[in-house]
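Working notes for the structure below.
First the proteins, then the strands, lettered A, B, ... as listed; each starts at 1. No hydrogens, no waters, no symmetry mates; every other heavy atom, side chains included, goes into these values. For clarity, every value in this text was computed on a predicted model and none was experimentally measured.
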Amino acid sequence: MRASQFLIATQKETPADAEVISHQLMLRSGMIRKLAAGLYSWLPMGLRVLRKAEAIVREEMNRAGVQEVLMPVTQPAELWEESGRWEQYGPELLRIKDRHGRSFCLGPTHEEVITDLVRNELRSYKQLPASFYQIQTKFRDEIRPRFGIMRSREFLMKDAYSFHISQESLQQTYEVMYQAYSAIFQRMGLDFRPVLADTGSIGGSHSHEFHVLAESGEDDIAFSTESDFAANIEMAEAVAPTGERPAAKEQVKDVETPNQHSIEEVSQFLGMEKSNVAKTLIVLAEPEDEEASDPSQLIALVLRGDHELNDIKTEKLRGVASPLTFASEEQVKQQLGCNVGSLGPVGLNIPIIVDRSAAHLADFACGANKEGVHLTGVNWERDCPLARVEDIRNVLAGDLSPDGKGVLEIKRGIEVGHIFQLGSKYSEAMNARVLNEEGREQVMLMGCYGIGVSRVVASAIEQNNDDNGILWPNALAPFQVALIPINMHKSEQVRETCEKLYAELLESGVDVLFMDQEKARLGGMLADVELIGLPHRIVVGDRGLEKGVVEYRNRRETENQDIPLAELHEFLKRFLNEPLNERMLS
RNA sequence: CGGGGCGUAGCGCAGUCUGGUAGCGCACUACACUGGGGGUGUAGUGGUCGUCGGUUCAAAUCCGGCCGCCCCGACCA
């Protein structure tokens with residue numbers, strides 16, 4: 001590509017509304033432009049990157065035996081009513097009406113459409129397993145779009161769905177997808193981790209997320225230092241402390257604690273570690289039966305003062321309302337007779353769930369359920385019953401790994417992929433059956449597998465940048481090589497050499513950007529090429545040509561290398577010989 | 001939706017408190033010089049100051065409504 005025929009829309013200054021580095025650099029390097037909140041146009045430079053990411057995903061999906069389809073963005077409400085999600089999905093689902101008043105939505109995902117398609121097309125177990133994917137624009141009316149392309153309302157997603165006659169078959173495909181995902185992110189040159197995950201609103205049982213590790217990530221991931229255990233912090237099990245609970249040494253004492261409410265305040269006031277103060281949270285209970293639903297039923301949760309409640313784990317517990325809802329201050333005051341800051345498990349007349357670690361405390365402090373008073377020297381069993389012990393806290397760095405090997409470490413991650421074993425959730429609701437070997441109708445089992453293709457692009461930048469701009473991994477770079485002439489308008493020699501090199505590089509399938517603008521200044525071109533992040537650059541000038549060389553520099557290095565013209569081709573081959581997709585783009 | 005902030009040229013900003021000719025830097029156009037890391041000079045282009053209404057002789061500036069955008073929380077590829 002010739003720069004003179006290609007929009008290079010770089011900017012010197014960082015737009016004020018871009019917070020994270022990937023957003024800033026995508027705007028500055030002229031990859032994207034904002035249309036409205038969470039809606040972005042892809043400029044030619046950015047689109048090339050997006051297409052490269054797409055091509056890698058497509059290749060690996062095809063390799064894994066998944067068939068490409070393309071489904072409509074606009075979907076009829078009826079399908080969503082069938083699956084129950086028209087009600088369930090909430091305001092993130094953009095609902096629209098056509099001119100006849102019929103209801104539709106813009107697809108945030110395509111389980112309904114693919115299930116409808118497959119139930120009509122597949123009749124026999126002999127056609128299974130079958131997997132389909134598409135790469136397509138999704139719409140989710142995010143409450144708060146942010147970080148540019150990272151969390152936008154319209155985004156490009158690869159979504160795949162698999163159909164099975166048995167759990168074993170589903171398991172197998174899940175495994176294949178897991179491997180394909182690993183291959184995809186590896187080829188893109190990303191530092192990523194597959195982690196155990198919650199299934200969230202999509203539903204189903206078994207699930208992994210693929211995270212690109214980056215400080216700006218929105219998720220916390222827990223890793224073992226010794227094994228390959230990795231889980232989203234939402235899911236990571238906090239193992240029970242080992243050994244017996246220490247024996248009680250102290251007697252219960254009332255201590256006046258005027259105006260001391262938070263764990264911080266109380267522990268300081270009492271001169272105790274936060275870890276030896278129990279914190280008591282009050283949440284709503286699950287109505288026992290729907291008719292007699294009494295929204296005022298409460299449950300107490302007890303944690304160590306230095307631990308944080310994990311709402312995902314907690315709301316899955318029997319008896320706890322899902323989604324997890326905290327009782328209001330008035331509710332607590334009215335039913336328990338004291339302020340939120342003075343609660344404790346002793347003498348509390350509602351069900352109590354105690355965290356595993358909190359259950360291991362001895363001689364601890366807690367609220368006395370009386371304003372301005374706390375108890376010290378409290379012990380389970382002796383002073384209050386230890387009826388129900390569960391895992392309800394977030395793991396902390398340094399906790400034991402649930403698989404017994406090593407301790408946990410916590411890092412931030414950007415979720416770029418998610419795979420689920422859905423089971424029969426959609427096929428059951430939408431009656432997607434095939435005949436089995438016995439000639440009987442059987443509901444198919446499903447898996448679903450997503451990759452945020454546009455998000456991958458942003459996360460690659462989060463991981464690869466420096467003060468001068470982006471450092472694209474080879475596989476995602478919009479161009480592999482920048483060809484930069486010095487004073488081409490003055491030197492016939494430079495012009496001829498560049499034209500010749502350009503033609504040769506194109507000929508050998510190298511994605512090259514020829515900075516051929518008349519009179520463009522060297523400094524400007526170098527700055528642009530660095531900002532855009534092209535991995536390799538060749539500078540051609542009279543000085544070098546006198547000696548028969550051109551200059552090469554890798555974007556990740558700071559030194560130039562003189563390469564004899566005659567050897568350039570061989571030289572470039574060495575690092576361009578990776579599985580690239582230049583040809584798909586030309 | 002709750003809390004905080006911002007809307008003045010394509011981008012970054014000043015001007016608003018204290019009402020009186022709409023400014024600066026970058027970018028862009030033309031010409032000249034310059035020519036190995038965003039060069040210099042001269043001359044230019046570009047803004048109904050988010051929007052609607054009010055106060056006033058006079059509003060970017062004061063008052064009110066609306067709209068948009070960004071940040072912090074719940075959601076997710």
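For B/rC75, neither phosphate oxygen OP1 nor OP2 lies less than 4.0 angstrom from any side-chain nitrogen or oxygen of A/Arg151. Distances shown here put a side-chain N or O of A/Arg144 below 4.0 Å from the OP1 or OP2 atom of B/rC72.
Between the CZ atom of A/Arg146 and the C1' atom of B/rC76 there is a distance of 10 Å, given to the nearest Å. Protein atom CD of A/Glu13 is 12 Å distant from nucleotide atom C1' of B/rC24, rounded to whole Å.
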- Note on the structure: Expected string for nucleotides 31-38 of chain B under the B/S/- scheme (protein heavy atoms, under 4.0 Å, primed atoms plus P, OP1, OP2 as sugar-phosphate) is ---BBBBB
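Scanning all heavy atoms of the two residues, the minimum distance from A/Glu415 to A/Arg455 falls at O-NH1, 2.8 Å.
Side chains of A/Met61 and A/Ile184 form a contact here, defined as non-hydrogen atoms less than 4.5 Å apart.
Within the cation-pi definition used here (under 6.0 Å to the ring centroid, within 45° of the axis), A/Arg95 qualifies as a partner of A/Trp86.
Within a 6.0 Å sphere centred on CD of A/Glu308, heavy atoms belonging to other residues, nucleotides or ligands number 12 at most.
The ring-ring contact (aromatic ring centres under 6.0 Å, His included) test applied to A/Tyr174 returns A/His206, A/His208, not counting sequence neighbours.
Residue pairs that meet the salt bridge (charged side-chain N to carboxylate O under 4.0 Å, His left out) test with at least one member in residues 537-546 of chain A, sequence neighbours left out, are A/Glu530-A/Arg537.
Side chain A/Arg455 to base B/rC76: a donor-acceptor pair is found below 3.5 Å.
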